[in-house]
2 protein chains.
Amino acid sequence: MESRIERLCVEKGLKMTGQRRTIARVLSEATDHPDVEELYRRAAALDARISIATVYRAVRLLEEKGILERRDFGGGRARYEPTEHGRHDHLIDIDTGRVVEFTDDAHVAALQAIARQLGFDLVSHRLELFGRRRRPATERRAVADEARTAPRGPAR
Amino acid sequence: MESRIERLCVEKGLKMTGQRRTIARVLSEATDHPDVEELYRRAAALDARISIATVYRAVRLLEEKGILERRDFGGGRARYEPTEHGRHDHLIDIDTGRVVEFTDDAHVAALQAIARQLGFDLVSHRLELFGRRRRPATERRAVADEARTAPRGPAR
DNA sequence: TTAGGTGCAAAGGATTTGCGGAATT
DNA sequence: AATTCCGCAAATCCTTTGCACCTAA
């Protein structure tokens with residue numbers, strides 16, 4: 001069967017080789033935000049005759065075509081996700097690196113106002129929250145006690 | 001005279017060499033967000049016997065000491081600015097690359113609420129706006145007309 | 001004196017690219 | 001058949017590091 005990303009590739013007039021089909025499938029099935037290395041691993045598991053250079057070329061091409069979006073969550077490597085129509089931002093768990101998506105419709109208007117105030121039209125924005133998982137109530141009390149003694153500064 | 005950053009270095013117990021003093025001065029005088037290459041250029045102009053490796057080592061050290069903050073505005077290279085107490089975010093002019101700072105105190109509470117709702121405590125965040133300079137009123141009308149005909153999508 | 005800094009050049013990690021051969025349209 | 005793509009290895013770009021030599025404290 002034809003994956004969603006593959007369909008988009010065809011619409012854009014891209015030549016569909018076996019490798020590209022595999023990469024498209026991996027991307028279509030991904031629910032996370034894999035980096036190139038990870039995409040390569042997943043693609044190679046389905047078809048061993050794929051090189052990482054091809055993966056790099058594919059994500060670059062798909063980004064140019066607007067099918068993929070490149071993200072940078074720190075850590076030096078780019079991460080990718082399929083372009084969606086519903087805009088969303090990301091919260092990164094600083095302990096595990098896990099990424100949670102959320103929508104912030106309520107804020108876009110506020111951001112536009114800020115930009116306008118500075119003399120700009122808002123074209124796009126990047127909002128990332130870095131957080132730490134909250135513990136259950138009992139444990140949370142202990143954490144609060146600890147914090148009162150030695151408050152931790154903002155991390156990064 | 002002793003620059004502001006140099007004073008902070010001394011407070012942190014760093015050994016003040018000639019190179020480091022020069023870099024501290026360049027940083028103290030910067031009002032923008034230079035990358036390492038640019039810092040190197042400015043420092044070398046004051047003291048030719050500085051190597052770029054030293055600049056890399058200095059910014060890394062100063063970041064660890066909390067004197068500098070590393071920024072990533074895309075483009076592959078890190079950019080630096082002195083740590084300030086008033087928290088601020090950035091608006092990047094997509095046409096010129098110029099960076100404008102603004103404060104967003106009003107939003108922090110809202111961001112905390114979002115994080116909590118997702119089960120996290122907010123540790124820090126990154127907010128960047130990408131915008132385009134607004135034109136004067138007469139010209140703006142023309143732009144609006146144009147937009148009504150062919151609305152432009154969110155850029156990147 | 002000595003712990004820490006510096007320059008240089010080599011090493012690293014992520015990403016791109018030149019090239020001859022291969023697969024798609 | 002023409003165009004586009006692929007694998008491989010070499011090349012690039014930004015950043016870090018090993019080593020032998022300085023220098024602030």
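Chain naming here is simple, since letters A, B, ... match the order of the sequence lines and numbering starts at 1 in each.
Contact annotation for I52(A): no contact, since no heavy-atom pair falls under 4.0 Å across all strands. If you check every strand for non-hydrogen atoms under 4.0 Å, R60(A) touches sugar and phosphate atoms only.
Y40(A) has its OH atom 8 Å from the P atom of dC8(D), to the nearest Å. The distance between atom NZ of K12(B) and atom P of dA3(C), rounded to the nearest whole Å, is 23 Å. Nucleotide dT4(D) holds its P atom 14 Å from the CD atom of E64(A), rounded to whole Å. One interatomic measurement links the two molecules: CD1 of I23(A) to P of dT4(D), which rounds to 19 Å at whole-angstrom precision. The CZ atom of R70(A) sits 11 Å away from the C1' atom of dA14(C) (whole-angstrom rounding). For the pair E37(B) CD and dT12(D) C1', the computed distance is 13 Å after rounding to whole Å. As rounded to whole Å, 10 Å separates atom P of dT25(C) from atom CG of L14(A). The separation between D47(A) atom CG and dA22(C) atom P is 17 Å, rounded to whole Å.
In this structure, R20(B) reaches the dG5(C) phosphate: one of its side-chain N or O atoms is under 4.0 Å from OP1 or OP2. Within the 4.0 Å cut-off from OP1 or OP2 of dA22(C), not a single side-chain nitrogen or oxygen of R49(A) is found. Dashed line: the shortest gap from a side-chain N or O of T17(B) to OP1 or OP2 of dT6(C) is under 4.0 Å. Y56(B) has a side-chain polar atom (N or O) that falls below the 4.0 Å cut-off from OP1 or OP2 of dT15(D). Contact between the side-chain N/O atoms of R77(A) and the OP1/OP2 oxygens of dT15(C) is not found at any separation under 4.0 Å.
In this structure, R21(B) contributes its side chain and M16(B) its backbone to a donor-acceptor pair below 3.5 Å. Distance alone, capped at 3.5 Å, is enough to place a donor-acceptor pair between the R79(A) side chain and the H33(A) backbone. When atom types are taken as modelled, the side chain of S28(B) and the backbone of I5(B) share a donor-acceptor pair closer than 3.5 angstrom.
Among dT15(C), dG18(C), dC8(C), the nucleotide with an atom closest to any side-chain atom of R57(B) is dC8(C). Of all nucleotides listed (dC8(C), dT17(C), dT15(D)), dT15(D) comes nearest to the side chain of A78(B). Side-chain atoms of A53(B) lie closest to dC8(C) of the nucleotides dC8(C), dG5(C), dC19(C).
Of the inter-residue distances, the one linking I50(B) atom CD1 with R42(B) atom CZ reads 13.5 Å to the nearest 0.5 angstrom.
E81(A) and H90(A) share a donor-acceptor pair across their side chains, judged by distance under 3.5 Å alone.
Ranked by how close their nearest DNA chain D nucleotide is to the 5' end, V36(B) and R21(B) are led by V36(B).
Judged by distance alone, with hydrogens and angles left aside, K15(B) brings a side-chain donor or acceptor within reach of the base of dA3(C), the pair sitting under 3.5 Å.
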